[in-house]
Amino acid sequence: MSLRKVFILILVVLFLGTLFTGCRSKTESSKLKVAVTIYPFYDAVKSIGGDLVDVFVIVLPGSSPHTYVLTPQDLQNLENVSVIFENNFGLEEFLKSVISSLTARVVNVSEPLKNVVELHNGNPHLWLNPEYFVIQSEVIKNTLVELDPIHKDVYEKNYENYKKAILNKAAELRQKLVNLPNRNVITFHDAFPYFAEYFGINILASIEPDPNKLPTPKQIIEIENLIKKYNVKVVFKEPQLSSDIYKSIVEDTHVKVLSLDPLGDGVKIKTYTDLIEYNVNTIYDALK
Ligand SMILES: [Zn+2]
């Protein structure tokens with residue numbers, strides 16, 4: 001082969017290379033761009049949307065939605081998405097001021113559950129009940145189908161598998177807690193009433209019901225009295241909310257402290273089933 005032919009061959013290979021890269025970036029950009037506010041919804045979008053969807057989570061593991069402030073990077077990311085899935089009912093105060101300036105559609109995944117929220121005085125932590133979480137995931141699925149109807153069958157099938165896996169795992173985990181003699185617990189903030197309802201746990205109180213307000217000395221004394229009266233063995237802290245207020249309770253009552261996680265840490269607790277499994281096992285180990 002002459003030098004000239006080799007040179008042409010190299011050019012052709014390079015040209016084809018750019019063609020293929022071009023194709024790949026085109027597929028990337030044709031993906032549905034989605035944002036979610038909290039980590040459990042990230043798992044839902046990933047599981048239902050798979051490779052068809054590009055998703056980012058606003059409140060990264062380690063942060064709490066109650067205390068979150070949007071970063072300039074968040075604002076830039078939000079400019080590029082077609083849809084934002086939010087839990088709503090007061091969980092995402094950080095979105096309020098920017099929502100009107102965004103072109104993305106904002107979908108309240110808890111819409112079918114608004115009566116449930118009303119019955120619980122507006123408590124937004126619906127996703128911690130697996131039955132409610134699959135309803136929220138169905139809203140996500142329906143929205144993906146609406147925005148990308150060509151792939152309806154994929155979204156439907158993925159959703160059915162996801163739902164089945166979650167409900168099976170949840171039923172199995174609930175069985176684990178059935179025979180515990182003492183199910184009284186005290187949680188850190190008011191995140192677990194829907195979880196408790198599903199798994200048959202009795203939450204006597206929360207140390208800091210509103211994560212933006214420290215409890216008063218009177219409230220602390222009330223909690224200590226509950227611990228003594230109901231023979232409570234454990235109080236729970238949470239990784240996203242760092243107040244040390246529980247320490248004085250521990251000093252006074254010698255109760256155990258363990259950590260419940262309402263959101264997932266992205267390392268050991270990645271999927272929704274990881275999340276409920278972690279919390280059920282933590283409670284089981286504390287109360288058995
Ligand atoms: Zn919360």
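Residues: numbered from 1 along the sequence shown. Remember, it's 1-based here, ligands and their atoms both numbered in the order they're listed.
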Measuring from the Zn ion (ligand 1), name the closest N, O or S atom belonging to [X].
{"X": "His189", "result": "NE2"}
{"X": "His66", "result": "NE2"}
{"X": "His125", "result": "NE2"}

Requested in this report: For the residue pair Tyr39 and Tyr42, categorise the inter-ring angle as parallel (less than 30°), tilted (30 to 60°) or perpendicular (more than 60°).
Outcome: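 Plane angle under 30°, so parallel.
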Report task. Could you label the plane-to-plane angle of the Phe133 and Tyr272 rings as parallel, tilted or perpendicular, counting under 30° as parallel and over 60° as perpendicular? Result ->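 Judged by the thresholds at 30° and 60°, the geometry between Phe133 and Tyr272 is parallel.
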Report task. Compute both the distance and the angle, then confirm whether Lys141 meets the cation-pi test with Tyr155: under 6.0 Å from the six-membered ring centre, within 45 degrees of the axis. Result ->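 Ring-cation test returns no.
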Query raised in the report: Are the aromatic ring centres of His125 and Phe192 under 6.0 angstrom apart?
Result: no
